[in-house]
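What follows is one structure encoded as structure tokens, with my remarks underneath.
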Amino acid sequence: MHSFHTDAKVTSGSWGGDGASDVSAHHALRIGSRSWNDVELATSSLSGEGSDGKLGYDFFADQVLEVDFDRCRIVVHDRLPEATTGYAALPTHSLRGSFSITCRVNSASDTFDQAFMVHTGHSGALIFGTRAVNEAPSLDELRSEGAEVLKDSFGHELRNEKVRLPSLVIAQHDLVDVSASLMDPRSSIPASVIGGEVLKRFNWLLDLRNDVMYLRPNSRYGSPFR
């Protein structure tokens, strides 16, 4: 991007702490037939392996995103499609500028509801944030599979404990033997995360106008968790 120019530097938080990004204003963006002017861009050298960047849901406000993993496509609708057979509805809630869904966690000796931030940029299944780790003692009883080292978008390293969860109930569907991790206690982010390893097992209809996420199992649903 030879025309990129830095207009300001901003500090924002990530999993392992704060970091600075260059910000550039007054760019044009086109997605399909839709276009925007005066778009602000921020740099992120670690936005995600294999990606050139990331964008947020604000570009699709008041619309419905259909995410079809079977056909590898995203469709933007102006209203909810009439054909919703097989989809289960989940209300979404605002969480730190993103959105979350609530799932039922069946831990070693306990069952509880947990809000997870929907994080399409995380390739793993689940991360239990520092708040969940402190408030749900039964998570400590899960079988440990060692440590994993994660880097956030600013390069901070975190050492999370890898565990196996007996089951997770999401949109009335029971996923078993789910891979998960317990967040490094040094993390500055208390929220829990649900990532691509779970999300890709469903096709979605994300109604951003009415704050509802519709999920339907797809061809990946029965695959074992890695």
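In terms of the side chain to side chain donor-acceptor pair (under 3.5 Å) criterion, residue partners of Arg164 (sequence neighbours excluded) are, by chain and number, Glu145. Residues satisfying the side chain to side chain donor-acceptor pair (under 3.5 Å) criterion with Lys162, sequence neighbours excluded, are absent altogether. For Phe112, there are no ring-ring contact (aromatic ring centres under 6.0 Å, His included) partners, not counting sequence neighbours. Scanning for ring-ring contact (aromatic ring centres under 6.0 Å, His included) contacts around Phe99 gives Tyr57, with sequence neighbours left out. Residues satisfying the side chain to side chain donor-acceptor pair (under 3.5 Å) criterion with Asp140, sequence neighbours excluded, are absent altogether. Residues satisfying the salt bridge (Lys or Arg N to Asp or Glu O under 4.0 Å) criterion with Arg216, sequence neighbours excluded, are absent altogether. Under the rule for a side chain to side chain donor-acceptor pair (under 3.5 Å), Thr6 has no partner lying at least two apart in sequence or in another chain.
By the rule that hydrophobic residues join a cluster once side-chain heavy atoms approach within less than 4.5 Å of another member, Val169 and Trp204 end up as members of separate clusters. Transitive grouping of hydrophobic side chains (ILVMFWY, heavy atoms separated by less than 4.5 Å) brings Val64 and Val212 into a common cluster. Cluster membership check: Leu205 does not share its hydrophobic cluster with Leu65, using side-chain heavy-atom separations under 4.5 Å among Ile, Leu, Val, Met, Phe, Trp and Tyr.
In this structure, CG on Leu206 lies 10.0 Å from CD1 on Ile101, to the nearest 0.5 angstrom. How far CG of Leu168 is from NE2 of His173: 12.0 Å, rounded to the nearest 0.5 Å. Taking OG of Ser100 as the reference point, atom NE2 of His119 lies at 13.5 Å (rounded to 0.5 Å). Put simply, CD1 on Ile194 and OG1 on Thr120 are 12.0 Å apart, with the number rounded to the nearest 0.5 Å.
Between Val75 and Arg73, the shortest heavy-atom contact is CG2-NE, 3.8 Å. In terms of heavy-atom proximity, His27 sits nearest to Ala25 at CD2-O, 3.3 Å. The minimum heavy-atom distance linking Asp174 with Tyr221 is given by the pair O-OH, 3.4 Å. Between Leu142 and Ala108 the shortest heavy-atom distance is CD2-N, 3.7 Å.
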Query raised in the report: Would Val163 and Leu139 count as a side chain to side chain contact (heavy atoms under 4.5 Å, CB included) if you check the C-alpha gap in whole Å, the side-chain angles of each, and the deciding distance to 0.1 Å?
Result: CA-CA 9 Å; Val163 296; Leu139 292 176; over 6 Å; no
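Proximity of Leu208 to Gln63: side-chain heavy atoms (C-beta onward) are nowhere separated by under 4.5 Å. Inter-residue side-chain proximity for Tyr214 and Asp207 is flagged as met; some heavy-atom pair is nearer than 4.5 Å. A heavy-atom distance below 4.5 Å is not found between the side chains of Leu165 and Phe225. Proximity of Ile74 to Glu66: side-chain heavy atoms (C-beta onward) are nowhere separated by under 4.5 Å. In this structure, Asn203 and Asp68 have side chains that are in contact, with non-hydrogen atoms separated by less than 4.5 Å.
Under the side chain to side chain donor-acceptor pair (under 3.5 Å) criterion, the residue pairs touching residues 103-115 are Arg104-Asp113, Asn106-Thr111, Asn106-Ser167, Ser107-Ser138, Ser109-Glu141, Gln114-Ser192, with sequence neighbours excluded.
A donor-acceptor pair under 3.5 Å links the side-chain atoms of Thr43 to the main chain of Asp22, judged by distance alone. A donor-acceptor pair under 3.5 Å is absent between the side-chain atoms of Arg220 and the main chain of Arg201, judged by distance alone.
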Side-chain donor-acceptor pairs under 3.5 Å in residues 28-40, sequence neighbours left out?
from: Asp38; atom 1: OD1; to: His26; atom 2: ND1; distance (Å): 3.1

Taking only distance into account, with no hydrogens and no angle test, what donor-acceptor pairs under 3.5 Å do side-chain atoms of residues 175-185 form with protein atoms, sequence neighbours excluded?
from: Ser179; atom 1: OG; to: Arg226; atom 2: O; distance (Å): 3.4
from: Ser181; atom 1: OG; to: Glu148; atom 2: OE2; distance (Å): 2.9
from: Asp184; atom 1: OD1; to: Arg186; atom 2: N; distance (Å): 2.9
from: Asp184; atom 1: OD1; to: Arg186; atom 2: NE; distance (Å): 3.2
from: Asp184; atom 1: OD2; to: Arg159; atom 2: N; distance (Å): 2.9
from: Asp184; atom 1: OD2; to: Arg186; atom 2: NE; distance (Å): 3.2
from: Asp184; atom 1: OD2; to: Arg186; atom 2: NH2; distance (Å): 2.7

Acceptor/donor pairs from residues 80-93 side chains to any protein atom, 3.5 angstrom cut, sequence neighbours excluded:
from: Thr92; atom 1: OG1; to: Asp211; atom 2: O; distance (Å): 3.2

What donor-acceptor contacts under 3.5 angstrom involve side-chain atoms of residues 127-135, with partners at least two apart or in another chain?
from: Asn134; atom 1: ND2; to: Thr130; atom 2: O; distance (Å): 3.1

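The closest side-chain donor-acceptor pair between Asp70 and Asn218, if any, does not fall under 3.5 angstrom.
Residue Leu41 qualifies as enclosed at atom CG: its count of foreign heavy atoms under 6.0 Å is above 12.
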